[in-house]
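Just the heavy atoms: all of them, side chains too, but no hydrogens, waters or symmetry mates, feed the values below. Note that the numbering runs from 1 along the sequence shown for the chain.
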Amino acid sequence: MKLNNFKALAVAALTAMLVVGVSSPVYAQKPKKEKAKKEKITDPRLLTVMKMTKMTKESQFLTKGVAMMTVHRATQGFAITADEQAMYFSQPGVIANYKPGLTKVHENYVIRRKNGKREYMTLRYFGSANSLAFETDQDGNEFVWVGSNGTNNKKHKAYGYTRTISRIPFEPGKEYNDGYAGETFYMGGAYYCWPAVNAKDDVLGVATQKGGAVTINLYSLNEARALDDTEIKIKTVYKGEVIGDTEQTVVRTIKAKDLTTLEANSTIVIPKADKETADPAKEVNYYSFRAWDVDKDYVYFVEGKHNNGSMKNGESKAFITVYDHAGRIVLPKRRIQCIFDQYLLESLQITPAGYADVAGIKVIDGKIYIMFSVKNSKGFRTVVVKYE
């Protein structure tokens with residue numbers, strides 16, 4: 001075959017291949033996938049939250065383990081002033097096997113630590129003070145917000161099921177024996193009422209729980225306080241802890257502001273995660289709801305679980321998720337490293353067994369404070385860590 005004829009046949013064959021769509025894979029290029037653009041986080045508050053995943057420095061510990069009213073119970077609530085001169089804590093009384101005359105399970109203590117001095121109030125039959133908020137009015141008067149109108153939980157033999165929140169002047173040595181005091185706010189019978197307050201930005205938040213799900217309602221603080229008091233009836237089981245008193249079931253009539261008559265500025269529902277299918281490191285509300293706070297833009301949701309004081313159970317755990325007031329997650333769930341770091345807690349002689357029970361968060365002027373209880377040979381102690 002002549003060379004010219006061979007060239008002609010080659011050209012014809014190549015042309016036929018192109019017509020039927022056959023091409024050489026050597027030159028094929030896959031289309032480039034465009035990476036999703038992540039919105040850059042610039043808000044200082046969110047950047048501060050992101051620092052919680054990093055190793056904790058010793059200088060961040062405002063307290064390394066202080067004793068409260070009793071070494072037999074963990075601290076449950078926390079607040080701090082903007083100047084850090086005073087800290088407020090809530091703690092339940094001793095159980096003492098629920099024996100009348102010995103047990104103080106019906107008591108909660110609101111404790112102020114200021115200038116190295118400890119002062120406290122005693123609240124009886126209020127219920128479990130799982131959340132504590134602090135407010136200073138325009139005249140400099142100090143108020144604490146706590147859950148109130150608890151009832152005796154037969155299953156757990158403890159006062160839980162708080163159905164209201166109360167705003168109470170802080171008065172050292174004061175005792176309240178009626179289950180509520182000051183200004184009281186009713187949530188329509190919902191159980192487990194947890195308050196959060198940001199007076200500067202006119203925000204009152206109330207979290208409630210049902211079946212593990214958490215509902216957060218945000219109101220105008222001024223509008224809530226301006227509501228008229230109405231008569232509210234609450235069925236309550238209480239008493240029996242003091243010798244000579246017998247347990248009673250009563251329908252208590254109280255004066256309270258009914259928040260169900262005030263439209264919430266926002267309502268956020270955080271369902272309980274499915275333990276069978278959820279990723280515990282990513283799914284919100286997988287662990288127990290432990291603390292929360294609110295500012296003008298965000299809701300800070302904390303969940304966690306301690307290790308029962310044994311390294312065999314691994315480290316204690318705590319996570320934080322940040323929502324905006326519309327209920328959108330603006331910062332996904334991430335760990336609070338100071339709770340996980342059992343070796344740091346041991347090296348600082350805070351706790352030898354990694355027990356760290358997260359129980360409080362406060363966000364003030366871009367600073368974030370985490371409170372947790374630890375346990376050592378002397379009993380329970382309280383730790384506060386600062387992020388900025």
Side-chain angles (χ1 to χ4, degrees), residues 74-78 90 92 126-133 146-165 186-196 205-218 234 237 259-260 264 266-294 298-308 313-329 331-336 339-340 356-361 370-373:
T75 306
Q76 292 184 331
F78 164 72
S90 57
F126 275 63
S128 183
N130 286 330
S131 186
L132 182 69
V146 296
S148 54
N149 279 294
T151 189
N152 197 336
N153 184 326
K154 294 291 187 180
K155 180 178 179 180
H156 300 290
K157 295 183 179 180
Y159 284 82
Y161 295 153
T162 50
R163 284 156 292 172
T164 59
I165 58 173
Y186 179 61
M187 287 301 297
Y191 290 147
Y192 300 117
C193 298
W194 301 38
V206 185
T208 60
Q209 288 179 275
K210 185 175 182 180
V214 178
T215 299
I216 293 173
N217 286 292
L218 304 179
I234 296 177
V237 179
L259 286 177
T260 65
S266 177
T267 298
I268 303 170
V269 179
I270 305 173
K272 187 65 179 174
D274 188 333
K275 293 281 187 177
E276 299 296 326
T277 61
D279 182 343
K282 295 181 179 180
E283 193 77 18
V284 184
N285 203 17
Y286 181 93
Y287 296 101
S288 297
F289 174 39
R290 300 297 295 136
W292 77 293
D293 201 15
V294 63
Y298 302 130
V299 169
Y300 305 82
F301 182 92
V302 175
E303 59 187 286
K305 177 184 179 182
H306 62 72
N307 70 351
N308 288 315
N313 299 319
E315 69 276 300
S316 297
K317 299 176 175 65
F319 298 87
I320 181 169
T321 306
V322 183
Y323 293 82
D324 65 15
H325 284 200
R328 296 180 292 253
I329 293 178
L331 205 60
K333 179 175 176 175
R334 61 198 56 222
R335 64 165 54 194
I336 302 174
I339 303 296
F340 281 80
D357 187 16
V358 66
I361 179 173
I370 294 292
M371 183 275 289
F372 56 97
S373 289

Those residues that, when tested against Asn217, pass side-chain hydrogen bond (donor to acceptor under 3.5 Å, both in side chains) (two or more places apart)
Thr267
What one should report as the nearest heavy-atom pair of Pro92 and Ala74 is CD-O, 3.5 Å
Distance check, rounded to the nearest 0.5 Å: Lys317 atom NZ versus Ser288 atom OG?
12.0 Å
Please check if the side chain of Asn285 supplies one atom and the backbone of Gly212 the other of a donor-acceptor pair under 3.5 Å.
yes
When every non-hydrogen atom of Thr162 is compared with those of Gly127, the smallest separation belongs to CG2-CA, 3.8 Å
Partner residues of Phe301 under the ring-ring contact (aromatic ring centres under 6.0 Å, His included) criterion, sequence neighbours left out:
Phe289
Within the distance-only criterion (no hydrogens, no angle test), does the side chain of Tyr186 pair as donor or acceptor with the backbone N or O of Gly189 below 3.5 angstrom?
yes
Using the rule given for side-chain contact (heavy atoms from CB on, under 4.5 Å), can you reason through Val322 versus Tyr300, listing the C-alpha separation, both sets of side-chain angles and the distance that settles it, and then say yes or no?
CA-CA 5 Å; Val322 183; Tyr300 305 82; 3.9 Å; yes
With Ala158, which residues qualify under side chain to side chain contact (heavy atoms under 4.5 Å, CB included), at least two apart?
Val105
Filter on salt bridge (charged side-chain N to carboxylate O under 4.0 Å, His left out), then keep only pairs touching residues 268-286, sequence neighbours left out; what's left?
none
Determine yes or no for a side-chain-to-main-chain donor-acceptor pair under 3.5 angstrom, with Ser316 supplying the side chain and Ala356 the backbone.
yes
Under 4.5 Å between any side-chain heavy atoms of Trp194 and Gln209, yes or no?
yes
Between Gly327 and Ile268, the two heavy atoms sitting closest are CA-CG1, 3.8 Å
Pairing residues for Ala213 by the side chain to side chain contact (heavy atoms under 4.5 Å, CB included) criterion, not counting sequence neighbours:
none
List the steps and the verdict of side-chain contact (heavy atoms from CB on, under 4.5 Å) for Trp292 and Val214.
CA-CA 11 Å; Trp292 77 293; Val214 178; over 6 Å; no
By side chain to side chain contact (heavy atoms under 4.5 Å, CB included), Ala291 pairs with (sequence neighbours left out) Val302, Ile361
Which pair of non-hydrogen atoms, one from Ala129 and one from Ser90, has the smallest distance, and what is that distance?
O-OG, 2.9 Å
According to side-chain hydrogen bond (donor to acceptor under 3.5 Å, both in side chains), who are the partners of Asp324, at least two apart in sequence or on a separate chain?
Arg328
ring-ring contact (aromatic ring centres under 6.0 Å, His included) involving Tyr191 - partner list, sequence neighbours excluded
Tyr161
Going from CD1 on Ile329 to CD1 on Ile270, what distance comes out if it is rounded to the nearest 0.5 angstrom?
8.0 Å
For Tyr287, enumerate each residue passing the ring-ring contact (aromatic ring centres under 6.0 Å, His included) test, keeping only those at least two apart in sequence or located in another chain.
Phe319
Min side-chain heavy-atom separation Arg290-Asp357 under 4.5 Å:
yes
Which heavy atom of Glu303 sits nearest a heavy atom of Tyr286, and at what distance?
OE1-N, 2.9 Å
Considering only heavy atoms from C-beta outward, does the side chain of Tyr323 approach that of Ile216 to under 4.5 Å?
no
Whether over 12 other heavy atoms sit under 6.0 Å from Lys305 NZ:
no
Check side-chain hydrogen bond (donor to acceptor under 3.5 Å, both in side chains) between Asn130 and all other residues, then give those that pass, not counting sequence neighbours.
Ser128
What's the shortest heavy-atom distance between Asn307 and Gly314, and which atoms?
ND2-O, 3.0 Å
List the steps and the verdict of side-chain contact (heavy atoms from CB on, under 4.5 Å) for Ile320 and Arg334.
CA-CA 6 Å; Ile320 181 169; Arg334 61 198 56 222; 4.1 Å; yes
Could you walk me through whether Val294 and His325 pass the side-chain contact (heavy atoms from CB on, under 4.5 Å) check?
CA-CA 9 Å; Val294 63; His325 284 200; 3.8 Å; yes
Asn149: partners by side-chain hydrogen bond (donor to acceptor under 3.5 Å, both in side chains), with sequence neighbours left out:
Thr164, Arg252
Taking only residues two or more places apart in sequence or in another chain, which ones pass ring-ring contact (aromatic ring centres under 6.0 Å, His included) with Tyr159?
Tyr125
